[in-house]
Amino acid sequence: MKKKLFPKKWVIVFYFIASCLNGFAQKQLELLGQWRGSFPLNGGNEIPFNIEIVVSGKKDTSLYFINGTDKYNGGKLFTKKDSIYISLDQFDTEIVLAIINDQTLSGFWRKQNGAGNSFPIHAEKNKPRFSTFNNLSNSTIGNSYSVEFTNDAGKKIPSVGLFKQEGNRLFATFLRISGDTRYTEGIIEGNEFKLSMFIGGGPLLFVGKINKDGSINGEQIGLKSIQTFTAIKNDTAHLPATNNLTIVNNDKPFNFLLQNALGKKISLDDDRYKNKPVIVTIGGTWCLNCADEAMFLAPWYRKNQSRGIEIITVQFEVVDDFVYAQKTMNRFKQKFNIPYEMVFGGTTDNAKVLAALPALEKFYSFPTTLFIDKNRKVFKIHTGFSGPATGKFYTEFIREFNQTVDELLKQ
């Protein structure tokens, strides 16, 4: 008589586990594809965004944010019971969505530790970003505008608006001194347009009306604030000079003593940096433009380190806690494959920045880049970062960046 390998009850258990795994795999497959998510706002408005869920590697499932031509890796996705979880580690946030059916998800976006507000999200599969996406527009919008935003405190912020229209589809970025809004995508109908952007940080909606004289009046709408803006067509629009925004005292050597994620104290007196020019970037892992800067600097450093140049990023975080900073810096390092040193400076408060970097006398915004010569004098300061979405401004930044490094290395 042939001996049974397993008792009958274990066969039943194995069958149950296999059924669960098959159900899990089926659920994962049903989630694959493109989705339209939205944050509801007061007054019936919403901030829409597009995501794509794909299989990455052999088993992992990942989420990508789609904004115009940009496909931004949000992070890995996993399912638990009837819900999906996406850990947006770069921003220390997460999206939790209940699977209503194979075409509908509903849930919220929140901090990973559950602190603060949770913002509701609704998502539908294979839906356009804006519901009126297929209506034709009889309006056209220019390529370049001088823009002025007015923030919640009434302060005027000079900016540049860059637009690209394809029929009734509209793509844009707004460039401020501190950086740009990355890739926004939307529609134009009649004399009105809508644009939105979301990659895991604060979502934004831009609405505007084109006046008879070609100027624009609009609003930038977030989950907690609204800024108004005006725009005038200007093919040569540019940002004002930034010479006096960040000020340094060059009477004393530029230096600091701050901890990296391993707890080691880092200084420009260390052997790694002696007799070398150093690029010091002031940023934060939460900062969208700092992420774009890291995507530029990481491959640039690998290519140019052998020339005798070093980079250090001083990260200022939303929480003044070293353990928290260790987590965020390690995640940032892994996401952008950063080969240079990062250290923790404190919180994002300007006073903390000045305390961490004693040679600074005035600080304006994140990111800021300091070019330090080998004698520890600040050779040049660049405020903000014009990312890939800004086109010619990004090209000009790269040209000036490389020119500055060439001049530093000649000293």
I'd like a table of donor-acceptor pairs (distance under 3.5 Å, sequence neighbours excluded) in which one partner is a side-chain atom from residues 216-231, with atom names and distances.
residue, atom, partner, partner atom, Å
Asn217, OD1, Asn211, ND2, 2.7
Gln220, OE1, Arg176, NH2, 2.6

Once ring pair (Phe, Tyr, Trp, His ring centres under 6.0 Å) is applied, do any residues pair with Tyr85, and if so which ones, sequence neighbours excluded? Phe78

Non-neighbouring partners of Phe198 that pass ring pair (Phe, Tyr, Trp, His ring centres under 6.0 Å), sequence neighbours left out: Phe39, Phe49, Phe65, Trp109

Ignoring hydrogens and geometry beyond distance, is a side-chain donor-acceptor pair present between [X] and [Y] at under 3.5 Å?
| X | Y | answer |
| --- | --- | --- |
| Arg331 | Thr285 | no |
| Thr390 | Thr173 | no |
| Thr369 | Glu293 | yes |
| Asn234 | Thr236 | yes |
| Lys156 | Thr150 | yes |
| Gln112 | Asp89 | yes |

Asp102/Lys125 ion pair, N-O < 4.0 Å: no

N/O donor-acceptor pair under 3.5 Å between Lys335 side chain and Asn73 backbone: yes

Heavy-atom donor-acceptor pair, Asp180 side chain to Gly387 backbone, under 3.5 Å: yes

Go through the structure and list residues passing side-chain hydrogen bond (donor to acceptor under 3.5 Å, both in side chains) with Gln315, not counting sequence neighbours. none

Residues two or more places apart in sequence or in another chain: which of them pass side-chain hydrogen bond (donor to acceptor under 3.5 Å, both in side chains) with Lys327? Asp92

Aromatic contact between [X] and [Y], with the criterion being ring centroids under 6.0 Å apart: yes or no?
| X | Y | result |
| --- | --- | --- |
| Phe332 | Phe336 | yes |
| Phe401 | Phe296 | yes |
| Phe206 | Phe193 | no |

Only distances under 3.5 Å count here; give the side-chain donor-acceptor pairs of residues 342-359 to other protein atoms, sequence neighbours excluded, each with its distance to 0.1 Å.
residue, atom, partner, partner atom, Å
Asp349, OD2, Ala351, N, 2.8
Asn350, ND2, Phe363, O, 3.0

From Asn375, Val280, Asp373, residue fulfilling side-chain contact (heavy atoms from CB on, under 4.5 Å) relative to Phe254: Val280

